[in-house]
Each structure stands twice: as C-alpha cells, then as structure tokens.
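Just the heavy atoms: all of them, side chains too, but no hydrogens, waters or symmetry mates, feed the values below. Since this is a predicted model, take the numbers as computed values, not measurements.
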Amino acid sequence: PILWGGWFPTISPDQCLESPYIDIVIKGQGEEILPELVTKIKTGIPINDTTGISYKEDGKIIHKPMRPLADLNSFLPVNYELLEASRYTLSEGLLHYISSVGCPYACTFCGVSAYLKQKWYGLKPERVVNEIKEFCEKYQLNEILFFDSTFFVDLKRAKEILKGFIRENLKFRWFANSYVNQVVNFDDEMLGLLQMTNCYCIELGIESGSKRIRELFQKNFSDDNINKCLEMLTKVNISVKGNYIIAPPTEKKEDFLAT
C-alpha cells in the first residue's frame with residue numbers, strides 16, 4: 001500500500017484518498033503511527049483499530065479519530081548516522097534543526113495553525129543544547145538554521161537554550177523564524193544573548209505593508225511594531241528577512257504600494 005502523511009493529507013485526507021495512487025493517510029504526528037502501521041501491514045494485522053489514519057476499504061473512505069499529540073521529548077533524537085552526510089549540507093557544516101513544532105497564531109493562509117490547531121510544543125532546552133553539542137562534535141558545524149515555525153514562542157526557553165550554547169562554548173552562526181509581536185518583547189538580556197551566540201538573521205512574516213490586508217491574514221501587529229522590530233534587530237547587527245504575500249485576494253494597488 002501507498003501511505004501519505006504531512007500537513008496536506010492531515011488537513012484534506014478525502015482529497016488525497018480520492019486518488020487511486022494513495023491507500024492510507026497518516027494524520028498528525030507520524031512518529032508513532034508509521035512504524036505501528038508498517039508492523040501491522042507486514043504481519044497481516046488489520047489496521048481498522050489504528051487511530052490517526054484515514055484509509056480506503058471496499059471503495060469507501062474510512063476516517064479514524066485523530067491521535068492526541070505526543071510530547072516531542074518522548075521521541076528519540078534524529079539519527080543522522082542513517083544519512084550519507086556527504087550528500088547533504090551537513091558535509092558543509094550546515095545543520096537544519098527543528099526544536100519545536102506548531103505555532104500559537106492563527107494566520108489565515110498558513111497550514112500550521114490548521115494542522116496543529118494553534119498549539120505549540122518545544123523540546124526541553126537541555127535536550128536542544130545536548131543534541132546540538134553532539135552535532136557540532138560530529139559534523140564540525142559552522143551554521144544552524146532553526147526550522148521551527150517560530151522559535152521564540154517561549155522566551156524563557158529560548159534564553160535557556162542560548163545560555164546553554166554559551167556554557168558549552170558552541171561556536172556557530174544561526175538563523176531562526178519569529179513573529180513581530182515576539183520580537184518587540186525582546187528585553188536587553190535576549191538581545192545580548194542573540195549577539196553573544198552569533199545570531200545573524202531573524203525571519204519575520206510581515207506579509208503586507210497594508211493594515212487591511214494584514215487584518216485579513218489575522219496578522220495582529222501594527223506598522224509601529226514592524227518598525228520597532230527592524231530598529232531593535234539592526235541595532236544589534238542582526239539582519240531581518242521579511243516574508244511578503246503579493247496579490248492575495250482583494251488586494252488593491254494601494255495595498256501593494258504600501259508593501
């Protein structure tokens with residue numbers, strides 16, 4: 001059988017299963033469901049009591065209830081030994097790392113809020129520091145891209161992670177995603193930690209210079225807060241990468257020019 005998983009199959013399982021090339025959809029987290037399904041399929045055990053999936057049976061689409069989200073800290077660390085590092089950016093000292101999943105915001109265009117219902121879950125700071133320390137030793141890292149939807153949801157956690165980098169004398173430059181209303185709450189300690197740990201860029205989903213369009217997107221921040229973010233970060237020599245959506249529904253020329 002052919003299994004699909006991820007954001008789109010979770011949000012639109014019927015559309016996926018209408019394809020003759022897809023037999024089973026895994027909804028939500030797949031870390032526990034996928035090995036469970038593989039074991040059942042290999043051993044001939046029926047899958048109809050498996051939660052967190054949708055599947056086809058006798059031409060009908062069957063939906064099983066979503067499985068509660070598991071604590072990220074209960075999962076084993078990613079085993080990069082299974083990869084041939086020379087084929088990936090690891091061989092160049094660049095690591096793509098996810099320390100949390102989800103996002104507490106409700107941007108109307110984003111699959112993350114639909115997928116995880118505005119929930120956010122983070123690895124414990126000590127685990128993040130220990131894993132990255134091990135990666136630094138194994139792969140001589142010089143750069144880390146944090147691929148969290150938004151890294152700074154829990155500012156206390158973020159500070160503990162950065163203090164751990166300093167304590168372990170880990171040397172690399174790094175990049176992360178954030179949200180305007182998070183950055184404006186950075187205090188002097190946070191800004192200092194960003195500098196000391198060599199954060200070189202923070203990506204912000206600004207999306208539009210038009211207040212009207214941002215309201216359609218449920219981006220609840222002001223022009224003043226956008227400008228404050230830019231000023232705060234540039235003062236500590238951190239670049240800002242802005243994301244923008246051009247020509248969304250209802251956008252007018254003046255909205256575009258505002259952007």
*Asks:* Under the rule for salt bridge (Lys or Arg N to Asp or Glu O under 4.0 Å), what residues qualify as partners of Glu251, not counting sequence neighbours?
*Replies:* none

*Asks:* How about NZ on Lys228, more than 12 heavy atoms from neighbouring residues, nucleotides or ligands closer than 6.0 Å, or not?
*Replies:* no

*Asks:* Between the main-chain N or O of Gly205 and the side-chain N or O of Lys219, is there a donor-acceptor pair closer than 3.5 Å?
*Replies:* yes

*Asks:* Does Glu36 come within less than 4.0 Å of Lys40, counting only side-chain N to carboxylate O?
*Replies:* yes

*Asks:* Could you tell me whether a side-chain N or O of Thr108 sits under 3.5 Å from a main-chain N or O of Leu216, the two making a donor and an acceptor?
*Replies:* yes

*Asks:* For side-chain contact (heavy atoms from CB on, under 4.5 Å), just list the numbers for Arg214 and Ile226, CA-CA rounded to whole Å, side-chain angles, deciding distance to a tenth of an Å, and then say yes or no.
*Replies:* CA-CA 12 Å; Arg214 290 201 305 272; Ile226 295 171; 3.8 Å; yes

*Asks:* What is the minimum heavy-atom distance between Ile213 and Pro248, and which atoms define it?
*Replies:* CG2-CG, 4.1 Å

*Asks:* Locate the shortest heavy-atom distance separating Gly122 from Asn73; write the atom from each residue and the value.
*Replies:* O-ND2, 3.5 Å

*Asks:* Is a donor on one side and an acceptor on the other found under 3.5 Å between the side chain of Ser113 and the backbone of Gln118?
*Replies:* no

*Asks:* Could you tell me the separation between the CG atom of Asp23 and the CD1 atom of Ile53, rounded to the nearest 0.5 Å?
*Replies:* 11.5 Å

*Asks:* In Å and rounded to the nearest 0.5 Å, what is the CG to CD distance from Leu69 to Glu31?
*Replies:* 10.0 Å

*Asks:* Counting neighbours of CZ on Phe256 that are heavy atoms of other residues, nucleotides or ligands and sit closer than 6.0 Å, is the number greater than 12?
*Replies:* no

*Asks:* Under the side-chain contact (heavy atoms from CB on, under 4.5 Å) criterion, do Glu92 and Asn142 qualify, and how do the steps go?
*Replies:* CA-CA 8 Å; Glu92 302 166 4; Asn142 53 55; over 6 Å; no

*Asks:* Apply the ring-ring contact (aromatic ring centres under 6.0 Å, His included) test between Phe151 and each candidate in Tyr179, Trp174, Phe175; give the one that qualifies.
*Replies:* Trp174

*Asks:* Flag the pair Tyr80 / Glu134 as yes when at least one side-chain heavy-atom distance between them is below 4.5 Å, and no otherwise.
*Replies:* no

*Asks:* Counting only heavy atoms from other residues, nucleotides and ligands, does the tally under 6.0 Å from CG of Leu82 exceed 12?
*Replies:* yes

*Asks:* Mind checking the NZ-CG spacing from Lys60 to Leu17? Nearest 0.5 Å is all I need.
*Replies:* 15.5 Å

*Asks:* Does the pair Glu189/Lys163 count as a salt bridge with the N-to-O cut at 4.0 Å?
*Replies:* yes

*Asks:* Once rounded to the nearest 0.5 Å, what's the spacing between atom OH of Tyr244 and atom OG of Ser208?
*Replies:* 9.0 Å

*Asks:* What about Phe186 and Phe152, are their ring centers closer than 6.0 Å?
*Replies:* yes

*Asks:* Atom NZ of residue position Lys124 - does it have more than 12 heavy atoms of other residues, nucleotides or ligands inside 6.0 Å?
*Replies:* no

*Asks:* Could you tell me whether the side chain of Ile22 reaches within less than 4.5 Å of the side chain of Val25, counting heavy atoms only?
*Replies:* yes

*Asks:* For Asp255 and Lys252, indicate whether the former's side chain and the latter's backbone hold a donor-acceptor pair under 3.5 Å.
*Replies:* yes

*Asks:* Quick one: does Tyr97's side chain have a donor or acceptor within less than 3.5 Å of a partner on Leu145's backbone?
*Replies:* no

*Asks:* Quick one: are Ile132 and Phe146 in side-chain contact, heavy atoms under 4.5 Å?
*Replies:* yes

*Asks:* For a quick test of reading the model, state the closest non-hydrogen atom pair linking Pro125 to Arg157 and the distance between them.
*Replies:* CG-CG, 3.9 Å

*Asks:* Is it possible for you to say whether Met66 and Ile11 belong to one hydrophobic cluster, with membership spreading through side-chain heavy-atom contacts below 4.5 Å?
*Replies:* no

*Asks:* Listed by chain and number, what are the salt bridge (Lys or Arg N to Asp or Glu O under 4.0 Å) partners of Asp148, not counting sequence neighbours?
*Replies:* none

*Asks:* Closest heavy-atom contact between Thr51 and Lys64?
*Replies:* CA-CB, 4.2 Å

*Asks:* Do Lys27 and Ser54 get their side chains close enough for a donor-acceptor pair, meaning under 3.5 Å?
*Replies:* yes

*Asks:* How far does CG of Asn227 sit from CE of Met232, to the nearest 0.5 angstrom?
*Replies:* 13.0 Å

*Asks:* For Ala258, is there any backbone N or O sitting under 3.5 Å from a side-chain donor or acceptor partner on Ser210?
*Replies:* no

*Asks:* So, Thr234 side chain and Glu231 main chain: donor-acceptor pair closer than 3.5 Å or not?
*Replies:* yes

*Asks:* Checking side-chain contact (heavy atoms from CB on, under 4.5 Å) for the pair Cys229/Val184: CA distance, chi angles, key distance, verdict?
*Replies:* CA-CA 6 Å; Cys229 278; Val184 294; 3.7 Å; yes

*Asks:* What I'd like to find out is whether the side chain of Leu162 reaches to under 4.5 Å of the side chain of Leu194, using heavy atoms alone.
*Replies:* yes

*Asks:* Got a donor-acceptor contact below 3.5 angstrom from the Gln29 side chain to the Ala70 backbone?
*Replies:* yes

*Asks:* Would you please name every residue forming a salt bridge (Lys or Arg N to Asp or Glu O under 4.0 Å) with Glu81, sequence neighbours left out?
*Replies:* Lys138

*Asks:* Is there a side-chain contact between Ser178 and Leu204 (heavy atoms, below 4.5 Å)?
*Replies:* yes

*Asks:* Is Val112 linked to Phe221 within one hydrophobic cluster, defined over Ile, Leu, Val, Met, Phe, Trp and Tyr using a side-chain heavy-atom separation of less than 4.5 Å?
*Replies:* yes

*Asks:* Considering non-hydrogen atoms only, spot the tightest contact between Ile33 and Gly52 and give its length.
*Replies:* CD1-O, 3.7 Å

*Asks:* Give a yes or no on this: more than 12 heavy atoms of other residues, nucleotides or ligands lie within 6.0 Å of atom CG of Asp188.
*Replies:* no

*Asks:* Would Tyr200 end up clustered with Ile144 when hydrophobic side chains under 4.5 Å apart are linked, directly or stepwise?
*Replies:* yes

*Asks:* How long is the gap from SG on Cys16 to CD1 on Ile26, to the nearest 0.5 Å?
*Replies:* 12.0 Å

*Asks:* Give a yes or no on whether Trp7 and Tyr105 share a hydrophobic cluster (residues Ile, Leu, Val, Met, Phe, Trp, Tyr; joining criterion: side-chain heavy atoms under 4.5 Å apart).
*Replies:* yes

*Asks:* Is any side-chain heavy atom of Tyr55 closer than 4.5 Å to a side-chain heavy atom of Asn48?
*Replies:* yes

*Asks:* Please report the closest heavy-atom contact between Val129 and Glu168, naming both atoms and the distance.
*Replies:* CG1-CG, 3.9 Å

*Asks:* Yes or no on salt bridge (charged side-chain N to carboxylate O under 4.0 Å, His left out) for Glu215 and Lys211, after CA distance, side-chain angles and deciding distance?
*Replies:* CA-CA 6 Å; Glu215 288 175 349; Lys211 183 175 183 292; 2.4 Å; yes

*Asks:* Under 4.5 Å between side-chain heavy atoms, counting indirect links through other Ile/Leu/Val/Met/Phe/Trp/Tyr residues: same cluster for Ile245 and Ile206 or not?
*Replies:* no

*Asks:* Could you check whether any side-chain heavy atom of Phe172 comes within less than 4.5 Å of a side-chain heavy atom of Leu95, counting everything from C-beta outward?
*Replies:* no

*Asks:* Please test Asp154 against Glu160 for side-chain contact (heavy atoms from CB on, under 4.5 Å), starting from the C-alpha separation and ending with a verdict.
*Replies:* CA-CA 10 Å; Asp154 183 339; Glu160 290 180 13; over 6 Å; no

*Asks:* Check whether any side-chain heavy atom of Ile24 sits under 4.5 Å from a side-chain heavy atom of Ile41, and report yes or no.
*Replies:* yes

